[in-house]
Amino acid sequence: MIFSNEKLFSDLSYLIEQSRQQVAMQANSTLTILFWQVGKRINDDILQNQRAEYGKQIVSTVSAHLETSYGRNFAEKNVRRMMQFAEIYSDLQIVVTLSRQLTWSHFLVLIPLKSVEAQQFYAQLAISETFGVRELRKQITNKAFERTEIVNLQSSQNENFPINTFKDPYLLDFLGLQNEYLEKNIETAILHELEKFILELGKGFAFVERQKRIIIDREDFYLDLLFYHRSLKRLVAIELKLGKFQAKYKGQMELYLKWLNKNERQEGEEMPIGLILCAESSKEQVELLEMHKDGIMVAEYWTELPPKKELERKLHLALIEVKERFECKKLL
């Protein structure tokens, strides 16, 4: 009898939990569709009026009223996301279908993606693998879509491996296919462009080494570019990172600089300095680091080094050029 009661309780618990999940999914779907409808309605109103100034005014005014009546979900920045959502996902039926399996938070991660193909890829990936928002962001940061594109291109050149056979491009190691990943290819191509750019400036730079091997605690590291600057009389280490600047990049560069100072600095030379170049689709960033923390010295270095704005501009142009090559299916 006790066993029977336990079985009954287990069955009922399962039914309750299942119903809770269905209610939550239904509520999320309803909310997502609502946000789409809000964005679509405002977009249509602005389009019909055909005045840019009206568009700015109406979004600010309407969102303020909605936020007062219905809460922070309708703050101006969120309303603008709804408008963008309705513009990108113009077919309501697609939104209805996706909203049954993806949350509004998932869509907020998908909206900024530049291509429809990438949005579709990550949406289906999140659905098929039941990814939460954090894991979805990780997949985007790791460029799962771009890496899969390379796999498909390489697979199309090999009859033994049909397109989309492998979900993880890193399996290429075991399949005898070309082991070239997008991140490395882009880094190599951009660094090549920047190397030429720096040398063409002719401002005292002398090329020393590419992919400089650094051994720390029996572990191998590779510095992207190493130059010597004759006027500054010091080594200049350059690292390229794809994506936003992260604090760990600074620590890594400082480790490299200490190693260079100990093992590569010659008599009469000053302590090395480092450049961290970060390239992403919306912004390019250049950070200058040196061994001693002196803001005045940093400013003086920029009079000898390529101007920061010029480096950022060149980084931006190189990123665009390289990505266009990849889009044309020309692997570097």
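Counting from 1, the numbers follow the sequence of the chain as shown.
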Do [X] and [Y] have side chains that get closer than 4.5 Å, going by heavy atoms?
X: L240; Y: L191; value: yes
X: S115; Y: F145; value: yes
X: L232; Y: I273; value: yes
X: V236; Y: V208; value: no
X: K233; Y: H229; value: no
X: M253; Y: K241; value: no

Indicate whether the side chain of H65 and that of T68 have a donor and an acceptor atom separated by less than 3.5 Å. no
Return yes if a side-chain donor-acceptor contact under 3.5 Å exists between S29 and S99, otherwise no. yes
With sequence neighbours left out, write down each residue that passes side-chain contact (heavy atoms from CB on, under 4.5 Å) with [X], or none if nothing qualifies.
X: R213; result: I215, D220, Y222
X: I88; result: Q84, I111, Q119
X: E76; result: V59, S60, S63, R80
X: V109; result: V133, L136, R137, I140

Answer yes or no: is there a donor N or O on one side and an acceptor on the other, between the side chain of [X] and the main chain of [Y], under 3.5 Å?
X: N261; Y: M271; answer: no
X: E239; Y: I276; answer: no
X: N78; Y: F74; answer: no
X: H106; Y: F131; answer: yes
X: D45; Y: R41; answer: no
X: S69; Y: L66; answer: no

For R313, the salt bridge (charged side-chain N to carboxylate O under 4.0 Å, His left out) test, sequence neighbours excluded, returns E310
Nearest heavy-atom neighbours spanning [X] and [Y]:
X: E269; Y: R265; value: O-NE, 3.0 Å
X: N28; Y: L102; value: ND2-O, 2.9 Å
X: C278; Y: Y249; value: SG-CD1, 4.2 Å
X: L260; Y: A237; value: CD1-CB, 3.9 Å
X: L108; Y: R81; value: CD2-CD, 3.6 Å

Is E254 salt-bridged to K250, going by a charged N under 4.0 Å from an acidic O? yes
Quick check: is V116 connected to F121 through a chain of hydrophobic side chains (ILVMFWY, heavy atoms under 4.5 Å apart)? no
How far apart are the C-alpha atoms of L311 and F197, what are their side-chain angles, what is the distance that settles it, and do they pass the side-chain contact (heavy atoms from CB on, under 4.5 Å) test? CA-CA 9 Å; L311 264 176; F197 168 71; 4.0 Å; yes
Partner residues of [X] under the side chain to side chain donor-acceptor pair (under 3.5 Å) criterion, sequence neighbours left out:
X: E195; answer: R210
X: Q120; answer: none
X: E87; answer: none
X: K314; answer: none

What pairs with F227 under ring pair (Phe, Tyr, Trp, His ring centres under 6.0 Å), at least two apart in sequence or on another chain? F205, F207
Can you tell me if K212 has over 12 outside heavy atoms packed within less than 6.0 Å of its NZ? yes
Crowding at NZ, K138 (>12 non-hydrogen neighbours, <6.0 Å): no
Tell me, with the steps shown, if L226 and I238 meet side-chain contact (heavy atoms from CB on, under 4.5 Å). CA-CA 6 Å; L226 183 62; I238 297 179; over 6 Å; no
Does anything in residues 25-35 form a salt bridge (Lys or Arg N to Asp or Glu O under 4.0 Å)? List the pairs, not counting sequence neighbours. none
Determine all donor-acceptor pairs shorter than 3.5 Å in which one atom belongs to a side chain in residues 89-98; sequence neighbours excluded.
{"from": "D91", "atom 1": "OD1", "to": "Q93", "atom 2": "N", "distance (Å)": "2.9"}
{"from": "T97", "atom 1": "OG1", "to": "Q93", "atom 2": "O", "distance (Å)": "3.0"}

Can you tell me how far the OG1 atom of T130 sits from the CD atom of E135, to the nearest 0.5 Å? 9.5 Å
Over 60° means perpendicular and under 30° means parallel, so tell me whether W104 and F107 are parallel, tilted or perpendicular. tilted
